[in-house]
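Read the numbers this way: they start at 1 and go in the same order the structure lists the ligands and their atoms.
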Amino acid sequence: MSDVKNVVIVGSGPAGHTAAIYSARANLSPFMFEGYVMGGSAGGQLTTTTEVENYPGFPEGVEGPELMQLFRKQSERFGTEMVQEDVISADFSQRPFVLKSENREVKAHSVIISTGATAKRMGVPSEEKMWNNGMSACAVCDGALPMFRNQPLMVIGGGDTAVEEATYLAKFGSVVYLVHRRDELRASKIMQERALKHPKLEILWDTVLEDAVGEDYVTGASLKNIKTEEARQVDVAGIFYAIGHTPNTSIFNGQLDLDDAGYIKLKLGTQETNIEGVFAAGDVHDHKYRQAITAAGTGCAASLEAERWLAEQGLTE
Ligand code: NDP
């Protein structure tokens, strides 16, 4: 038997595991680098969230880590070989491709990259303690939880995500403060108008978050106006970061076409990267939707494309 894998999947969030399930069921015997430290942890961003209420098929909701365990079990059931290791280098200049972790070197006919993106954090002093206890980087994931209903909430950031998340949170919260470090939003004009007109949205200009306030759960936020240096405290039950994401693509830099923000560029209407046989799925290329279900969808598409490509190349029996 050849020691070259048909498909190597890098990353184990919803995109990676969906790609694994489809590839395994297509008899491609996929190999997965689940990741370990890079990108947070194996299982991706859902492992750091609490309840997921918007993944279809779970009408009562499901805990993020549990959902990822189920994904993993399904990949395993169909024979995906998995190692909890980070890929530290990839060489797409030769065929078969070569991927290396600290412990091994794996050769691959095709690769599906699903390393995801990491939400940026500010690193305020009580952030670690308050994370998932009122602090989150995903309003769409966590905003509808009972703890935030009819409470004052806060979003940090001034881009499209911040406005979109603040508008979303305004459906649940009593008031939503949008805290932005400048006196002008970065968000597109239409989103700006929406924010400025919204009756439940209050923009706090030139303001930065100094820390979260609270014992076990967030009860407020310490803020500072950077022009006047004035410090103030505002009562809120939730603080949501929307200060951007960093795609986990540093190891592919120089080999794959990336956009200015580092996301993998795909050929229009496909999951194909600029290198034939290398595909991408999930948040590593998608900064628009960033949902578990859309990541799973593109993981499926990437696997189907890889399967067809391998067959066309005569690389699988
Ligand atoms: P952006 O990079 O556009 O915006 C990040 C915001 O966070 C900026 O306002 C920035 O401030 C602020 N920020 C960054 N770091 C800090 C920090 N340390 N402290 C305080 N504030 C900080 O990210 P988005 O996620 O908003 O958007 C990413 C891309 O996705 C964009 O291209 C956007 O257009 C797109 N998008 C499109 C949507 C749509 O079309 N519906 C929805 C969501 C996103 P400053 O402005 O001062 O730099």
* **Matching residue for Asn248 among Thr118, Asp86, Thr115 - test: side chain to side chain donor-acceptor pair (under 3.5 Å)** => Thr118

* To do: Name the closest protein heavy atom to atom 39 (C) of ligand 1, giving the residue it belongs to and the distance to 0.1 Å.
  => Glu164 OE2, 4.1 Å

* Asked: For atom 7 (O) of ligand 1, which protein heavy atom lies nearest, and how many Å away is it?
  -> Ile243 CA, 3.3 Å

* Given side chains that start at C-beta, do those of Leu99 and Glu105 come closer than 4.5 Å, heavy atoms only? -> no

* Taking only residues two or more places apart in sequence, or in another chain, which ones meet Asp257 in a side-chain contact (heavy atoms from CB on, under 4.5 Å)? -> Lys265, Asn274

* To do: Determine whether Asp91 and Phe97 make a side-chain contact, defined as any pair of heavy atoms from C-beta on separated by less than 4.5 Å.
  => no

* Worked check of side-chain contact (heavy atoms from CB on, under 4.5 Å) between Phe58 and Glu63 -> CA-CA 10 Å; Phe58 297 88; Glu63 293 289 313; over 6 Å; no

* **Taking atom 17 (C) of ligand 1 as the reference point, the nearest protein heavy atom with its distance** => Arg181 NH1, 3.5 Å

* Hey, is Lys120 touching ligand 1 through its side chain, its backbone, both or neither, going by heavy atoms under 4.0 Å? -> neither

* **Under 4.0 Å to a heavy atom of Met122 - the qualifying atoms of ligand 1, by number** => 19 (N)

* Structure fact -> To atom 28 (C) of ligand 1, the nearest of Val124, Thr161, Asp286 on a heavy-atom basis is Thr161

* Determine, step by step, whether Tyr263 and His285 satisfy the ring-ring contact (aromatic ring centres under 6.0 Å, His included) criterion, reporting the C-alpha distance in whole Å, the side-chain angles of both residues, the deciding distance to 0.1 Å, and the verdict. => CA-CA 5 Å; Tyr263 288 90; His285 75 79; 8.8 Å; no

* Asked: How about atom 31 (C) of ligand 1: does it have a protein heavy atom within less than 4.0 Å?
  -> no

* Asked: When the ring planes of Phe252 and Phe92 are compared, do they come out parallel, tilted or perpendicular, using 30° and 60° as the limits?
  -> parallel

* Heavy atom of Arg182 under 4.0 Å from ligand 1? -> yes

* Location of contacts on His180 toward ligand 1, heavy atoms closer than 4.0 Å -> side chain

* Heavy-atom nearest neighbour in the protein, as seen from atom 23 (O) of ligand 1, with distance rounded to 0.1 Å -> Gly244 CA, 3.9 Å

* Asked: Given side chains that start at C-beta, do those of Tyr55 and Leu67 come closer than 4.5 Å, heavy atoms only?
  -> yes

* Asked: Purely on distance, is any nitrogen or oxygen of Gly158 under 3.5 Å from one on ligand 1?
  -> yes

* Of Arg181, Lys224, Lys227, which is the lone residue that meets salt bridge (charged side-chain N to carboxylate O under 4.0 Å, His left out) with Asp206? -> Lys227

* Asked: If you measure from each non-hydrogen atom of Ala242 to ligand 1, which part falls under 4.0 Å: side chain, backbone, both or neither?
  -> backbone

* Asked: In terms of side-chain geometry, is the basic nitrogen of Glu76 or Arg72 positioned less than 4.0 Å from the acidic oxygen of its partner?
  -> yes

* **For atom 48 (O) of ligand 1, the protein heavy atom that lies nearest, with its residue and separation** => Arg186 NH2, 2.7 Å

* To do: With atom 37 (C) of ligand 1 as the reference point, say which of Leu178, Asp160, Asp260 has the nearest heavy atom.
  => Asp160

* Side chain, backbone, both or neither: which part of His287 has a heavy atom under 4.0 Å from ligand 1? -> both

